Amino acid sequence: QVQLVESGGGLVQAGGSLRLSCTASGRTFGSYAMGWFRQAPDKEREFVAAISRIGGSILYAASVKGRFTISRDNAKNTVYLQMISLKSEDTAVYYCAAVVSFGNTIYAQTGSYRYWGQGTQVTVSS
């Protein structure tokens with residue numbers, strides 16, 4: 001069992017930056033592949049980025065590639081999502097997710113993840 005807590009969301013102007021953090025409970029954070037997802041009003045939750053258990057594999061959605069960077073610090077039980085050049089269409093609730101994995105396996109589907117945080121709101125004003 002792992003509990004995930006996101007932070008770092010807020011209101012930012014278009015073109016601005018934010019860094020989201022997701023901190024996990026427990027002492028086995030390095031066993032989990034991690035993902036970031038987002039959900040805008042009246043839309044389905046969508047994949048943003050994923051990172052393998054020790055960071056050897058990373059994947060981004062096409063809509064954020066080149067603007068968002070996922071990273072992790074296993075010593076701090078934390079995964080980050082650095083977001084730059086934000087656009088109004090990035091407005092959503094951002095969730096982090098975790099699943100036990102092996103090697104460099106990463107996942108882009110919501111159904112692959114077992115544990116979810118409560119979400120943090122990101123609002124980009126144009």
Side-chain angles (χ1 to χ4, degrees):
Q1 185 83 11
V2 63
Q3 292 183 329
L4 305 173
V5 179
E6 301 98 334
S7 60
L11 174 64
V12 63
Q13 289 189 332
S17 303
L18 281 175
R19 188 177 80 156
L20 305 183
S21 299
C22 171
T23 301
S25 63
R27 293 182 285 181
T28 59
F29 183 68
S31 300
Y32 294 89
M34 301 297 296
W36 284 99
F37 292 76
R38 64 187 182 187
Q39 188 166 16
D42 300 323
K43 291 190 176 181
E44 299 214 346
R45 193 168 298 188
E46 66 173 4
F47 170 75
V48 175
I51 188 167
S52 59
R53 49 190 295 227
I54 58 172
S57 294
I58 287 175
L59 181 67
Y60 295 100
S63 59
V64 306
K65 196 169 185 179
R67 299 188 299 121
F68 290 11
T69 303
I70 189 171
S71 61
R72 66 189 297 162
D73 185 340
N74 286 353
K76 295 183 179 179
N77 281 17
T78 300
V79 62
Y80 304 98
L81 187 67
Q82 178 68 51
M83 306 183 293
I84 66 170
S85 302
L86 283 161
K87 307 174 182 179
S88 58
E89 50 263 46
D90 295 319
T91 294
V93 177
Y94 283 71
Y95 299 90
C96 70
V99 62
V100 173
S101 73
F102 301 93
N104 285 322
T105 306
I106 52 176
Y107 305 91
Q109 300 80 23
T110 56
S112 297
Y113 289 86
R114 180 168 184 183
Y115 303 104
W116 292 83
Q118 83 291 347
T120 185
Q121 176 71 46
V122 172
T123 303
V124 184
S125 62
S126 56

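Start at 1 with the first residue, then count along the sequence. Given the structure is predicted, the values throughout are model-derived calculations rather than measurements.
The backbone N or O of S52 lies less than 3.5 Å from a partner atom in the side chain of R72, making a donor-acceptor pair. Under a 3.5 Å cut-off, the side chain of N74 and the backbone N or O of F29 do not form any donor-acceptor pair. The main-chain N or O of C96 is found under 3.5 Å from a side-chain atom of E6 such that the two form a donor-acceptor pair. A distance-only check finds no donor-acceptor pair linking the side chain of S85 to the backbone of R67 [under 3.5 Å]. Looking at R53, its side chain does come within 3.5 Å of a backbone N or O of G30 through a donor-acceptor pair.
In terms of heavy atoms, A49 sits closest to L81 at CB-CD1, 4.2 Å. The minimum heavy-atom distance between Q121 and T91, with the atom names listed, is NE2-CG2, 4.0 Å. In terms of heavy atoms, N104 sits closest to G56 at OD1-CA, 3.5 Å. Minimum heavy-atom separation, G9 to L20: N-CD2, 3.6 Å. Heavy-atom minimum distance, T105 versus S101: O-OG, 3.9 Å. A40 approaches A92 most closely through the heavy-atom pair N-CB, 3.8 Å.
Residue V2 is grouped with residue I51 when hydrophobic side chains (ILVMFWY) are merged at heavy-atom distances under 4.5 angstrom, including chains of intermediate members. Connection of V124 to I84 is not established within any shared hydrophobic cluster, with ILVMFWY side chains joined at heavy-atom distances below 4.5 Å, either directly or through further cluster members. A single hydrophobic cluster is seen to contain both V79 and V48, as judged by linkage of ILVMFWY side chains at heavy-atom distances under 4.5 Å, directly or through other members. Under the 4.5 Å side-chain heavy-atom criterion for grouping Ile, Leu, Val, Met, Phe, Trp and Tyr, Y95 is not connected to W36 through any hydrophobic cluster. A single hydrophobic cluster is not seen to contain both Y80 and F37; linkage of ILVMFWY side chains at heavy-atom distances under 4.5 Å, directly or through other members, places them apart.
Residues Q39 and T110 are not in side-chain contact: their nearest non-hydrogen atoms beyond the backbone lie 4.5 Å or more apart. F68 places a side-chain heavy atom less than 4.5 Å from the side chain of L86. Taking 4.5 Å as the limit, every side-chain heavy atom of I106 sits out of range of all side-chain heavy atoms of I58. In this structure the side chain of M83 reaches within 4.5 angstrom of the side chain of V122, judged on heavy atoms.
In this structure, CD in Q109 is found 14.5 Å from CZ in R45, a value given to the nearest 0.5 Å. Distance check, rounded to the nearest 0.5 Å: CD of Q3 to CG of N77 gives 12.5 Å. Taken from CZ in R38 to OG1 in T120, the straight-line distance is 14.0 Å, to the nearest 0.5 Å. One distance of note links CG of L18 with CG of D90; it measures 10.0 Å at 0.5 Å rounding. Expressed to the nearest 0.5 Å, how far CD1 of I54 lies from OG of S31 amounts to 11.0 Å.
Other residues, nucleotides and ligands contribute more than 12 heavy atoms inside 6.0 Å of the CD atom of E46. More than 12 heavy-atom neighbours from other residues, nucleotides or ligands sit within 6.0 angstrom of CG on L11.
Aromatic ring pairs are classed by plane angle as parallel below 30°, tilted from 30° to 60° and perpendicular above 60°; the pair Y107 and Y113 is perpendicular.
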Stepwise side chain to side chain contact (heavy atoms under 4.5 Å, CB included) test for K76 and S21
CA-CA 11 Å; K76 295 183 179 179; S21 299; over 6 Å; no

